[in-house]
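So you know, we letter chains A, B, ... as the sequences are listed, proteins then strands, and number each from 1.
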2 protein chains.
Amino acid sequence: MNKMHKEHNLTKNQKIIFDLIDKSSQPLKAYSILYNVQKKGIKAPLQVYRALDKLVEIGKIHKIESRNAFIACHNSSCQVAKATAFSICEICEKVTEISSAGLSKYLANFKDKDGMKYSKYNLEFFGLCKKCTLK
Amino acid sequence: MNKMHKEHNLTKNQKIIFDLIDKSSQPLKAYSILYNVQKKGIKAPLQVYRALDKLVEIGKIHKIESRNAFIACHNSSCQVAKATAFSICEICEKVTEISSAGLSKYLANFKDKDGMKYSKYNLEFFGLCKKCTLK
DNA sequence: TACATAGTGTTATATTATAACAACTAAAAA
DNA sequence: TTTTTAGTTGTTATAATATAACACTATGTA
Ligand SMILES: [Zn+2]
Ligand SMILES: [Zn+2]
Ligand SMILES: [Zn+2]
Ligand SMILES: [Zn+2]
């Protein structure tokens with residue numbers, strides 16, 4: 001069976017956990033994931049964290065650092081595991097992955113004072129989502 | 001006594017903890033701070049976290065989200081508490097606050113697909129610092 | 001003074017994450 | 001096929017990070 005670019009054969013635990021995150025409309029926290037997959041035989045935190053680590057590594061999910069939560073990648077899984085940007089609503093906690101060619105390009109090419117370029121970044125914007133702005 | 005713009009009279013605990021962070025060459029973690037200020041009478045995690053929360057709020061320090069660690073602000077304390085950018089070395093863990101007018105401007109004006117602007121952001125770049133690049 | 005606001009000290013507890021080790025599985029090398 | 005290897009699993013225990021709740025104290029302001 002020939003693997004396509006970026007295709008990863010998830011293991012059982014990885015698949016269970018990815019499916020849960022992927023179906024969720026908001027980021028999920030590790031222990032909430034644990035609670036939700038216990039009926040499927042995943043009993044310990046470490047089983048969850050191991051799957052999360054792997055899924056992050058291969059770019060199927062991203063960690064929202066300011067929230068200690070995990071969201072499925074929606075940028076075609078994900079050319080940019082190393083270059084992530086999110087908007088986070090400070091009221092309802094809705095999180096959206098930003099996919100902007102302009103932004104990616106700007107940040108990928110950003111050099112600091114010393115002329116140093118970076119291999120990876122994570123950007124989190126905070127504000128109010130549309131819904132919460134109208135309230 | 002008239003307060004100047006951005007001047008904050010730190011309380012005893014806030015001052016102890018700010019001084020420690022300010023003197024440190026790298027970001028400090030909450031429990032390492034606790035350990036280091038116990039001789040000064042700060043005995044419990046909550047005393048540390050309360051001071052940290054306040055110092056973050058007024059922009060004297062920033063939290064490095066991906067590291068759960070705290071660093072003193074070096075952008076004149078800090079016009080940009082709500083707009084932070086750091087570079088993080090993935091080998092030696094050195095963290096530097098980036099102060100780039102171009103970057104600030106770009107991000108402050110960034111609008112997503114829906115034309116939404118954000119009131120706040122945090123950006124963390126990862127790579128190798130100069131020293132570690134040469135090794 | 002009286003009141004409000006913020007900070008303190010304390011104990012207990014919640015939440016997030018990793019260490020250590022034995023066992024299993026799949027794939028690839030011999 | 002057997003052997004080896006790398007990766008994953010299941011498990012118990014524990015480390016690291018962060019907050020709840022409550023009584024009390026300081027400080028500024030009306
Ligand atoms: Zn993505
Ligand atoms: Zn919202
Ligand atoms: Zn700053
Ligand atoms: Zn370095």
Side-chain angles (χ1 to χ4, degrees), chain A residues 1-3 7-21 24 26-71 93 95 122 124, chain B residues 1-4 7-21 24 26-71 88 93 95 122 124:
Chain A
M1 188 184 181
N2 71 328
K3 287 187 190 174
E7 176 123 344
H8 289 275
N9 299 312
L10 301 184
T11 65
K12 185 172 125 274
N13 288 1
Q14 287 161 12
K15 188 154 184 5
I16 290 169
I17 286 170
F18 175 71
D19 286 345
L20 182 69
I21 296 172
S24 170
Q26 83 264 52
L28 297 179
K29 310 196 122 208
Y31 277 72
S32 133
I33 292 168
L34 175 58
Y35 178 81
N36 277 284
V37 297
Q38 279 181 328
K39 66 198 90 170
K40 301 206 170 167
I42 295 177
K43 288 175 192 160
L46 201 42
Q47 295 174 282
V48 173
Y49 279 103
R50 285 197 283 225
L52 290 174
D53 286 350
K54 188 68 185 183
L55 292 168
V56 166
E57 186 193 323
I58 65 181
K60 300 282 285 181
I61 65 173
H62 304 302
K63 182 174 186 181
I64 311 300
E65 293 286 356
S66 65
R67 299 299 188 261
N68 300 315
F70 300 85
I71 191 175
E93 293 291 322
V95 173
N122 179 56
E124 299 182 2
Chain B
M1 185 182 183
N2 72 327
K3 287 188 192 174
M4 301 187 56
E7 175 123 345
H8 289 274
N9 301 310
L10 301 184
T11 65
K12 184 172 127 275
N13 288 1
Q14 287 161 13
K15 189 154 182 8
I16 291 169
I17 286 170
F18 175 71
D19 286 346
L20 182 69
I21 296 172
S24 170
Q26 84 261 53
L28 297 179
K29 309 197 124 206
Y31 277 73
S32 135
I33 292 169
L34 175 58
Y35 179 80
N36 278 284
V37 296
Q38 278 180 329
K39 65 199 89 168
K40 302 208 168 166
I42 294 176
K43 290 175 191 159
L46 201 40
Q47 296 175 280
V48 173
Y49 279 104
R50 284 197 283 224
L52 290 174
D53 285 350
K54 188 66 185 185
L55 291 167
V56 166
E57 187 193 322
I58 65 181
K60 300 282 285 181
I61 66 173
H62 303 302
K63 181 172 186 181
I64 310 300
E65 292 288 355
S66 66
R67 299 298 187 261
N68 299 315
F70 299 86
I71 192 176
I88 303 172
E93 293 290 322
V95 173
N122 179 58
E124 299 181 4

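The separation between B:L46 atom CG and D:dC24 atom P is 18 Å, rounded to whole Å. Between the C1' atom of D:dT17 and the CZ atom of B:R50 lies a distance of 16 Å, rounded to the nearest Å. As rounded to whole Å, 8 Å separates atom P of C:dT8 from atom CD1 of B:I42. Straight-line distance from the NZ atom of B:K43 to the C1' atom of C:dG9: 8 Å, rounded to whole Å. The nearest whole Å value for the distance from the CD1 atom in A:I33 to the P atom in C:dA17 is 10 Å. Between the CD1 atom of A:I16 and the C1' atom of D:dG10 there is a distance of 13 Å, rounded to whole Å. Going from atom CG of A:L55 over to atom P of D:dT8 covers 10 Å, rounded to whole Å.
Defined by atom type and a distance below 3.5 Å, a donor-acceptor pair is present between the side-chain atoms of A:S66 and A:E124.
Contact check, A:K29 against C:dT16: a side-chain N or O comes under 4.0 Å of OP1 or OP2. Between A:K12 and D:dG10 there is a side-chain polar atom (N or O) within less than 4.0 angstrom of OP1 or OP2. Close to D:dT9, at under 4.0 Å from its OP1 or OP2, lies a side-chain N or O of A:T11. Between B:N68 and the phosphate of C:dA17, there is no side-chain N or O to OP1/OP2 separation shorter than 4.0 Å. Using a 4.0 Å cut-off, some side-chain N or O of B:N13 falls inside it from OP1 or OP2 of C:dG9.
Listed nucleotides: C:dT8, D:dT17, D:dT12. Nearest to the side chain of B:Y49: D:dT17. Among the nucleotides C:dG7, C:dT11, D:dA18, the one closest to the side chain of B:A30 is D:dA18.
If you check every strand for non-hydrogen atoms under 4.0 Å, B:Q47 touches a base.
Here the straight-line distance linking atom CD of B:Q47 with atom CD of B:Q14 works out to 12.0 Å at 0.5 Å rounding.
Donor-acceptor pairing under 3.5 Å, judged by distance alone, is absent between the side chain of B:Y31 and the base of D:dA15.
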